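A quick write-up on the structure given underneath.
Worth knowing before you read on, the calculation uses all heavy atoms, side chains too, and leaves out hydrogens, waters and symmetry mates. As the structure is a prediction and not an experimental result, all values here were calculated from the model.
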Amino acid sequence: TFVDREHDRVLEHSLTYAVVESENVDAAKMALEIGGPRAQRAGLYALEGIGEKALTIDLLKPHLSSKESIVRDAAWAMAERHAEWGGQIATLFEKQLREIKDDETGLNFPRAADRELAARAAKMASSEAIQEVLLRIANDKSLSLRARRTALEAMAEARLPQLPDAWLALASDLIKNTEMHFEPVRLLGSHKPGKHQAKQVRELILSVGEDETVEPLTRLQALSRLGT
């Protein structure tokens, strides 16, 4: 398309604005269907600019998995502005998390792409459906450690008014069963506990800090969370 050939951001903005002003939904949809990466991005922005009825989750969802980063990033930025789509996007998060595999290094910690996925899930974690997906992945022992740690990272980064009770129960199980320590401590320390949770949270974090079998850095992290 013309936008893709010219690679001119000013021109792209001008054409997008023209489509928005004329409310030409068909032109925007055509850009998504037959355009290159820049035209697709412009089409998404145009649909969002036209209004909620123009940009739907069904139109957006395929572009959340685009191989082109400029399209994928634009699509995710729009998704994050629509918390009401969390339930429909949750299935995509679950699919992508389940596809994360451990490698031969034996370290099995999240990589850059995993952290990008975690950050996106965290931004949409106000959705109960996404909270449930993260909980399910983190608790599934049949999955890779990388996948579970990625889910726990998203849970720690989520900005919620209070620590969900189900997440507290998960952290408690992980600590008591000595499966993991660093990730659940970070999760517990990243959220404001409710009045009914505060004592349990403190006791769990303190138990890690005082456990001499836990690696020193994790113990230090735990104690620092308590301010001791």
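Looking only at side-chain heavy atoms (C-beta outward), Leu117 and Ile100 come within less than 4.5 Å of each other. For the pair Arg225/Ser190, a side-chain contact is recorded, criterion being any heavy-atom separation below 4.5 Å from C-beta on. Taking 4.5 Å as the limit, every side-chain heavy atom of Ile137 sits out of range of all side-chain heavy atoms of Asp140.
Between atom CD of residue Glu94 and atom CZ of residue Arg136 there is a gap of 4.0 Å, rounded to the nearest 0.5 Å. Atom-to-atom distance recorded for Glu33:CD and Leu59:CG is 8.5 Å, nearest 0.5 angstrom. Within the model, atoms CG of Leu64 and CD of Gln96 stand 8.0 Å from one another, a figure rounded to the nearest 0.5 Å. If you take OG1 on Thr178 and NZ on Lys176, they are separated by 13.0 Å, rounding to the nearest 0.5 Å. Interatomic distance, Gln197 CD to Lys192 NZ, rounded to the nearest 0.5 Å: 11.0 Å.
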With a 3.5 Å cut-off and sequence neighbours excluded, list the donor-acceptor pairs that the side chains of residues 125-132 form with protein atoms.
| residue | atom | partner | partner atom | Å |
| --- | --- | --- | --- | --- |
| Ser127 | OG | Ala129 | N | 3.3 |
| Ser127 | OG | Ile130 | N | 3.4 |
| Gln131 | NE2 | Ala125 | O | 2.9 |

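For His82, the ring pair (Phe, Tyr, Trp, His ring centres under 6.0 Å) partners at least two apart in sequence or on another chain are Trp85. Residues passing the side-chain contact (heavy atoms from CB on, under 4.5 Å) test with Glu157 are Ala119, Ala122, Glu153, Arg186, sequence neighbours excluded. In this view, Asp211 satisfies the salt bridge (charged side-chain N to carboxylate O under 4.0 Å, His left out) rule with no residue, not counting sequence neighbours.
For residues 71-93, the set of pairs meeting the salt bridge (charged side-chain N to carboxylate O under 4.0 Å, His left out) definition, not counting sequence neighbours, comprises Glu48-Arg81, Asp73-Arg120, Glu80-Lys123. Among residue pairs with one or both ends in residues 192-225, none qualify as ring-ring contact (aromatic ring centres under 6.0 Å, His included); sequence neighbours excluded.
In terms of hydrophobic clustering, with Ile, Leu, Val, Met, Phe, Trp and Tyr side chains grouped at heavy-atom distances under 4.5 Å, Leu226 and Leu168 are assigned to a common cluster.
In this structure, the side chain of Arg149 engages the main chain of Asn108 through a donor-acceptor pair within 3.5 Å. The closest donor-acceptor contact from the side chain of Asp102 to the backbone of Arg146 lies under 3.5 Å. Looking only at distances, a side-chain donor or acceptor of Arg115 sits under 3.5 Å from a matching main-chain atom of Pro110.
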